[in-house]
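Have a look at the structure below, then the notes.
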Amino acid sequence: MASLIAILDLKGKPLIQRSYRDDVPATYVERFLPIILEIEEEGQQVTPCFSRDGVNYMHIRHSNLYLLALSRRNSNAAEIIIFLHRLSQVLVEYFKELEEESIRDNFVIIYELMDEMMDFGFPQTTESKILQEYITQESHKLEIQVRPPIAVTNAVSWRSEGIKYRKNEVFLDVVESVNLLVNTSGTVIRSEILGAVMFESTGKTARGKSIEMEDVKFHQCVRLARFENDRTISFIPPDGEFELMSYRISTPVKPLIWVEAAIESHRGSRVEYMVKVVAQFKRRSTANNVEIYVPVPDDADSPKFRASTGSVQYAPDKSAFVWKIKQLAGGKEFLMRAHFGLPSVKNENDPPPRAPITVKFEIPYFTVSGIQVRYLKIVEKSGYQALPWVRYITQNGDDYSLRTAAEKGTAAPIRSL
Amino acid sequence: MSIRAPRKGENYELSVDLNSEYRDKRKDAIKRVIASMTVGKDVSGLFPDVLKNMQTDDLEQKKLVYLYLMNYAKTQPELVILAVNTFVKDSDDPNPLVRALAIRTMGVLRAEKIIDYLCDPLQKCLRDENPYVRKTAALCVAKLYDLKPELVIDNGFLEQLHEMIADSNPMVVANTVAALTDIHIAATSQPSTSSNDPALFPISASILSKLLIALNECSEWGRVAILNALARYIAQDDKESEHICERVVPQFQHVNGSVVLAAVKVIMIHMRGVRREDLIKQLVRKMAPPLVTLLSSPPEVQWVALRNINLLLQKRPDLLSNEMRVFFCKYNDPLYVKVEKLDIMVRLAGENNVDALLSELKEYSSEVDVDFVRKSIKAIGQTAVKIDAAAERCVHVLLELIDTRVSYVVQEAVVVMKIDNADELLGIFVDTFTEESYPVQLQTLTAVVKLFLKKPDSSQGIVQRILNTATKDCDSPDVRDRAYIYWRLLSTDPGAAKAVVLAQRPPISIPRTTVAPALLEELLSEVSSLASVYHKPEETFIGQGRVGADSLQRKATDAPDDRFSTQKALQTVAAGQQAENLLDFDDAPAVEGRPSGLAATEVLSHTPAAANLLAGTSSNPLDDLVSIFGAPATPAPPSASPHDLFSGLGGNAGFSSGSLGSPAIQSPSVGSHQLPSRINNLRRTFLGYFRLCIGTTSKIV
């Protein structure tokens, strides 16, 4: 339950706000940033929820904006925080980018959305596909008669009726994201696969069989009780593309792309990197768009690179250099060298940050987990059969990182190159 | 019109355009009015002009006018009445979108004048053929109750809502439940509410079965509302509890994290009634994976989840026993997430995973963020306290850390662990005393005084020396003052001096190290709420005037809160007197070194001051003095068993509630300092450990 929702810029100025209940005056929005500054000044942590003078502030960050909800009650923090994320998602889907300018340009429609997405502080419809059916950027004349889509209140709230296609096709994209952490001595200390089955269809009801996974989440169109009973995923798909299910597997994963760096640092003059990349997957697969981010000191200058494949760029904004390899075939390995100058004066008390090496990649036609869609049945009243297309891809998750050893000396813990 | 505004300026132009004969121009003017409203300009003067545009067949324009009305109805109560006709007409519109819009907006205008006209349309809309209108009308009843409860009761709206629980549309059911719950909360917050108030919404067995059916069909937010209602149901027997658990478990698979947490809440509550051990095991086992998956959410959601996982682990330590690795911090995690993860990692630490934990903590200790580094080092100390067998390894990690960072402390650091050489070691710090930063000086000072109290014979020289240096050669008045206090304290009869100081010192409010069992149960019944996130009962942070006298009594011991300061002060005084007695008793053993073995360690850990010390948050030397003698500085919550306190201390000490601004008493001296350099920080933290080591001699040596 929220009494008020507001979007603020980084200076704490409200760009737009909507009050749902009377118990928190709108002026409290302007107290938000001063309180944050006060908390920071006291050396405390600013957390997503905090309470001041009987008012609870719940907020999220979205690029350069704060999305803030206020309440006087012991509200459901998870619900409100997730609602704020949904609000930001919906606004992104409406305006491509959610930023100060897009808010100013679209305040009318944002008010409309806020009115439709929450009532008296309770979240209502937050599916942007449905909202887009009756809240559009073009103004309506009532002659056209926009009505609430049945989807808003329908048991099958994600699909409007009467959508028909000439071709009944179903695309299933199995996307696996690998998160993994390698420590300085080269062992994988944490790994997980986050899988998502993206469903794009023009079909009606579908059923599939699933394999054992640690935790499976389903789109709300899936009948959860049914899955609990016979492990069949039965659903009426929404129109267009959506994430049918997601799963998490935390079995140990061998790093698909192994990177190691030897760092030789000469304090006050220069630092040298030797980076090796090994594609540790089957020869018949190929990783595309591989990007390896190797962190360097903030004040490094005059970069020089030499790579046996791909291209290398210095990205000072990220305090790293990026080694890009368009296609990396399985089983192959490559080397590159980098050389940076360092300023001669250095603050001894300020050791260099030690960000890990991170890697981005995509390996099509391949899943780490070995998951396969075995069976997909589409139930259509007319008896029309549709052919399912299944595509697989494995990519990096949001945290595929390999820690670098201490920069001092010649990086002993890293395996010799 | 002419009376209202001058014939110039922005508002005048708007007013002209609002009355234009061209439709487009009028609509454009309304948009400009709303734009001004959005940036905070006062456009309330245009009320009548805007109102004229209310009757339109342009839905967007209608929405804009309604929006304007919502904002300014309160300031123009006389004029709102002019809108009533249109509202009533709209609530009869053939388009359900318009009907719902009218009823939704009328409910939030909050003008006396309009409320009386709300009842008839509301009556109709509650029975509307379209579920979209019904679900909107259901919430409107709650809005009306908020304004004028008697209207809701007199018009029979409550009965109507109760009928709507059986509505064929699950969204309508969900909003009905939300409305009834909202009214229930409003009614129970009134002290005069009797138990048969019609506004109360007890969940009966028949409601239960309706809710369980609607649960599976509902949208995500509707599920949250329904699950919250299920949580309030009081099961008749264990069969029923089992039934509820089994029906709710599939919700763990929902993609929306708040549905998952609401389901966890229902299970945690109804599991109390389950007697079958195998079912309980199964439920706990099924709960773990979805909780771990929440860690793949955006950071703010992760944080809410982590705060709740922390509570769940206090109740069921086995819940995630094999999952410590998923709590390893990601490099890019925000600090507030990392801090919570650290806490949980220490909670999950056991002999089987302590090595992985330590190498991880060591890694964190070389990150950039000073705060995080400090907390990681603290976590190492907490691990040492929690797992006896690993204490030595923890100390080694600390040593290695010092080794890599601050090379010139290394030699000393090795010696630190051997209490016999402590004076020697501290001697080195004393030698370079004036070159250290102030926080390090303060820590050294405290450490030496502690050492003296522990081993008066061997360390008399060093105490003398440091007091001399600190009072004479030191630039910082803070350090000088503290040294003077110590000196005076020690030069008079120590026992008497301590008693005097203890009696005089201000009440110390200590961050909660763990949650007392009774409060824990209460918070677990509120999983995913703000209370569960703050780890505080709701009375401590929601609006004033809602705390009953007896609940105040009950909570006083549980929650550090300003309102209870008087009571706290009294308790502290009492504790001070108690401490005095304990001192007489404890003084001798301390000198003779009798508290040996682990028992001594535990006794120390039970005192909140020791907790503070371990966490390194204490900068008040008096805490440390007290902690040495194992005297209670503030009374522990009466219901907390020593064991609970001890286990909580290992995991939670110091930073769990720090972020919530619990007013820990800080010696003003430290607060006034600029942030010290990173190295000094490390040294300071380390010195904190030095004190720990003295306190827990038996462990280290």
Side-chain angles (χ1 to χ4, degrees), chain A residues 16 22 44-45 47-49 51 54 56 60 72-79 81-82 85 107-108 111-112 119-120 122-124 134 139-142 145-148 152-153 155 157 181 189-190 194 214-220 224-225 227-228 248 349-350 353-356 399 401 403 406, chain B residues 31 35 38 57-60 63 67 95-97 104 110 131-132 135 139 142-143 169-171 178 216-217 219-221 224 250 253 255-258 261 289-290 293 296 298 300-301 303-304 325 328 330-331 335-336 339 366 368 528-531 533 538 541-544 659 661 677-679:
Chain A
I16 193 162
D22 234 12
Q44 307 265 16
Q45 259 313 293
T47 50
C49 310
S51 155
N56 296 297
I60 64 164
R72 256 189 211 284
R73 284 202 193 159
N74 179 18
S75 298
N76 187 333
E79 181 186 51
I81 293 279
I82 291 174
H85 276 289
F107 66 94
V108 171
Y111 277 128
E112 271 190 70
D119 193 5
F120 203 42
F122 298 102
Q124 300 290 308
Y134 66 116
S139 61
H140 296 291
K141 300 282 176 280
L142 278 202
Q145 282 291 352
V146 197
R147 285 168 175 268
V152 178
T153 51
S157 85
L181 180 60
I189 53 172
R190 188 195 53 196
L194 296 175
E214 212 145 313
D215 187 32
V216 191
K217 298 280 174 213
F218 293 108
H219 185 267
Q220 55 173 323
L224 294 181
F227 178 76
E228 188 74 11
R248 181 173 55 78
N349 284 345
D350 226 21
R354 291 182 44 201
D399 188 44
S401 37
R403 284 180 184 151
Chain B
K31 280 192 183 171
T38 304
D57 52 4
D58 181 334
L59 188 57
E60 190 188 32
K63 282 183 177 174
L67 184 70
N95 187 341
L97 216 50
R104 187 165 64 208
R110 305 191 71 91
Y132 180 77
K135 80 157 183 132
L139 280 180
K143 293 176 189 170
N169 185 296
M171 267 306 282
N216 277 320
E217 302 288 318
S219 84
E220 46 194 345
W221 308 111
V224 176
Q253 243 75 61
V255 69
N256 184 322
S258 56
L261 282 175
T293 302
S296 314
E300 294 91 354
V301 183
W303 180 77
V304 172
R325 281 165 191 270
F328 284 178
K330 293 179 183 171
Y331 187 76
L335 186 53
Y336 58 79
V339 167
S366 57
V368 210
S528 87
S529 72
L530 284 169
V533 167
E538 70 172 86
F541 62 88
I542 59 169
Q544 56 281 29
S659 53
S677 79
R678 181 189 167 81
I679 286 174

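Note on naming: letters A, B, ... go to the chains in the order of the sequence lines (proteins, then strands), and numbering restarts at 1 for each one.
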Practice task
Please look at L261(B) and chain A and tell me whether the side chain, the backbone, both or neither of the residue comes under 4.5 angstrom of a heavy atom of that chain.
Solution key: side chain

Handout entry: V224(B) portion near chain A, given a 4.5 angstrom heavy-atom threshold
Key = side chain

Practice task
Enter the distance from L67(B):CG to E112(A):CD here, rounded to the nearest 0.5 Å.
Solution key: 9.5 Å

Exercise for the section: Measure across A78(A) and S258(B) and return the closest heavy-atom pair with its distance rounded to 0.1 Å. Expected result: C-CB, 3.9 Å

Completion exercise
Looking only at heavy atoms, the pair that brings N76(A) and S528(B) closest together is OD1-OG, 3.0 Å

Handout entry: R325(B) to R190(A) - nearest heavy-atom pair and separation
Key = O-CD, 3.2 Å

Practice task
Test K63(B) against V108(A) for side-chain contact (heavy atoms from CB on, under 4.5 Å), laying out the working first.
Solution key: CA-CA 9 Å; K63(B) 282 183 177 174; V108(A) 171; over 6 Å; no

Fill in the blank from the handout: Rounded to the nearest 0.5 angstrom, the CD1-CH2 distance for I60(A) and W303(B) is 14.0 Å

Exercise for the section: Could you tell me which portion of S75(A) (side chain, backbone, both or neither) has an atom closer than 4.5 angstrom to a non-hydrogen atom of chain B? Expected result: both

Practice task
Look up atom CZ in F120(A) and atom CZ in R104(B), then write down how far apart they are to the nearest 0.5 Å.
Solution key: 14.0 Å

Handout entry: Shortest non-hydrogen contact from K217(A) toward V255(B)
Key = CD-CA, 4.0 Å

Handout entry: Side-chain touch V304(B)/P48(A), heavy atoms, less than 4.5 angstrom
Key = no

Problem - Distance, nearest 0.5 Å, that separates OG of S296(B) from CG of D399(A) - result: 10.5 Å

Handout entry: Nearest heavy atoms of A178(B) and F122(A), plus distance in Å
Key = O-CZ, 3.9 Å

Handout entry: Flag side-chain contact, heavy atom, 4.5 Å: L139(B) against Q124(A)
Key = yes

Completion exercise
NZ of K135(B) to CG of D119(A), rounded to nearest 0.5 Å, is 7.0 Å

Handout entry: Part of I189(A) within contact of chain B (heavy atom distance under 4.5 Å)
Key = both

Handout entry: From E79(A) atom CD to N256(B) atom CG, the distance as rounded to the nearest 0.5 Å
Key = 8.5 Å

